[in-house]
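This report concerns only the one structure given below.
Just so it is clear: chains get the letters A, B, ... in the order the sequence lines come, proteins before strands, and each one is counted from 1.
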There are 2 protein chains.
Amino acid sequence: MASIKKNSTNNINRETIKSRCPEAYAMDLIGTRWKLSVFYNLKNGPMRFTVLRDRIGNVTDRMLTLHLREMEQDGLVIRTVYPEVPARVEYQLTESAMELQPVWELLRAWGSRHRNRQEGVEVAP
Amino acid sequence: MASIKKNSTNNINRETIKSRCPEAYAMDLIGTRWKLSVFYNLKNGPMRFTVLRDRIGNVTDRMLTLHLREMEQDGLVIRTVYPEVPARVEYQLTESAMELQPVWELLRAWGSRHRNRQEGVEVAP
DNA sequence: ATGCTTGCTTACATTTTTGTTAGTTCCTTA
DNA sequence: TAAGGAACTAACAAAAATGTAAGCAAGCAT
C-alpha cells in the first residue's frame, strides 16, 4: 500500500494480470480490507472522516486514510475540504464508483447463497 | 494462506467484516492473486493441473496448489484424481462457482469503462 | 496562553501473502 | 536399473498489507 517494489516478481505478476484482464484490474481497485466498507457507508451520500471512521468501527485513522487516498487516486472517491476549524473533510463516491452497485448486489446475493451451501460442509461431524 | 494467527487484530477484523457482510465473505473467497485466473481458465470445463498451470503462466506449482486447495476447501473447485501414472489430477468449477459468471461479466465491463475514464487522469501532462 | 477537536502523518512492528528452490512419490517405459 | 513425468510438499525468503502508538497543525473558545 505504501511502498511497492516495482520490479518484484509479485508486482510484475500483478501488473501483468491487471493489464490483460479488466476483471483483475477491477478487483485490484476494490479488493482490500476497508474499501468495501467505504463503498457501503458512502453509498447514500457524502460523509465526513470521523463519522465514516466511527461507522465502520475498528478502523484506525491511518488505515482509513490510506484506503481513502488510494480510492481518491483511483477515481473512486472525491475528497472535499471545508476551510473550517476544526477541519471538516467530506468524502463521497464518484459516479463510476456508484456504478459498482450492481456488482455489490450480485456479490451479496451469491455470498449468502454460497455460505448457506457451505454451512456444515466444512466441519464434518 | 498458510498459517493465520487466529487472534491477531488483522484476522479478527477480517472475520468480523465477513460475518456481517456477505459481499465481504464473497470477496474473501475470490480475491487473491491467482483465483480469478483459475475461474477464467476452468469456466469451460475441467482441466488438469499442468495444463492449467501453463495456461495461467507465471504461476509456480506451489502458488497454484495453494490457491486450488483453498478453493476446494471453500467449495469452489472439485479435485478429481485419476489413478494413473504419471498422476493425473483434474480440476473443475463447482456449480456455485459457475454462478459467479455474471459477477465477472459486470466487473469486466466496469473495469474497462473505469480504466478508460481514468486514462490520462492520473498522470497530468 | 491553554485546551480542544478534526484530520491527518511518522516511525515502527506484526501478520499475511507471494515467491524460490529443491526435493519426493508413484509406477511405467526404456 | 535407471530415467522420467505429473502433481505435489517442505523449508526458507521476500514483499506487501495491516496495525500501534504517538504526535502535529489550525484556530476558536476559554
Original post:
Using a distance-only test with no angle check, is there a side-chain donor-acceptor pair under 3.5 angstrom linking A:S96 and B:R113?
Top reply: no
Original post:
Pairs in or reaching into residues 75-88 of chain B: which pass side-chain hydrogen bond (donor to acceptor under 3.5 Å, both in side chains), with residues at least two apart or in two chains?
Top reply: B:R79-B:Y91, B:E84-B:R88, B:R88-B:E90
Subject >> Euclidean distance, atom CD of residue A:E84 to atom C1' of D:dA26 [Å, nearest integer] >> reply: 13 Å
Subject >> For atom CG of A:L64 and atom P of D:dT20, their distance in whole Å >> reply: 15 Å
Original post:
Whole-Å distance between C:dC8 P and A:E70 CD?
Top reply: 15 Å
Original post:
Is there a side-chain contact between A:H114 and B:E99, using heavy atoms and a 4.5 Å cut-off?
Top reply: no
Original post:
D:dA17 P sits how many Å from A:L66 CG, rounded?
Top reply: 10 Å
**OP:** Please name all residues satisfying side-chain hydrogen bond (donor to acceptor under 3.5 Å, both in side chains) with A:N58, sequence neighbours left out, ordered by chain then number.
**Re:** none
Original post:
Separation of A:H67 atom NE2 from D:dG19 atom C1', in whole Å?
Top reply: 11 Å
Original post:
Just how far, in rounded Å, is P of C:dG19 from CG of B:N58?
Top reply: 9 Å
**OP:** With sequence neighbours left out, write down each residue that passes side-chain contact (heavy atoms from CB on, under 4.5 Å) with A:R115, or none if nothing qualifies.
**Re:** A:E119, B:P22, B:Y25
Original post:
Nearest-Å distance, CG (A:D28) to P (D:dA16)?
Top reply: 12 Å
Subject >> Those residues that, when tested against B:E15, pass side-chain hydrogen bond (donor to acceptor under 3.5 Å, both in side chains) (two or more places apart) >> reply: none
Original post:
Do the side-chain N or O atoms of B:R33 get closer than 4.0 angstrom to the phosphate oxygens (OP1, OP2) of C:dG19?
Top reply: yes
Subject >> Strand contacts (DNA chain C) in residues 5-12 of chain A, 4.0 angstrom heavy-atom criterion >> reply: A:T9, A:N10
Subject >> Residue list, ring-ring contact (aromatic ring centres under 6.0 Å, His included) with B:F39, at least two apart or on another chain >> reply: B:W104
Original post:
What pairs with B:L106 under side-chain contact (heavy atoms from CB on, under 4.5 Å), at least two apart in sequence or on another chain?
Top reply: A:P102, A:V103, A:L106
**OP:** Sorted by first residue and then second, give each salt bridge (Lys or Arg N to Asp or Glu O under 4.0 Å) pair with at least one member in residues 22-32 of chain B; sequence neighbours left out.
**Re:** A:R108-B:E23, B:R14-B:D28, B:K18-B:D28
Subject >> Overall bend - the helix from C:dA1-D:dT30 to C:dA30-D:dT1, comparing terminal axes fitted on five pairs, nearest 10 degrees >> reply: 30°
**OP:** Under the side-chain hydrogen bond (donor to acceptor under 3.5 Å, both in side chains) rule, collect the residues that match up with B:R55, sequence neighbours excluded.
**Re:** none
Original post:
Over how many whole Å does the gap from B:K35 atom NZ to C:dT16 atom C1' extend?
Top reply: 13 Å
Subject >> Qualifying residues under side-chain hydrogen bond (donor to acceptor under 3.5 Å, both in side chains), relative to B:T94, sequence neighbours excluded >> reply: none
**OP:** Any chance you could list the contact pattern along nucleotides 5-10 of chain D? Use B for base contacts, S for sugar-phosphate-only contacts and - for none, protein heavy atoms under 4.0 Å, 5' to 3'.
**Re:** BSSBSB
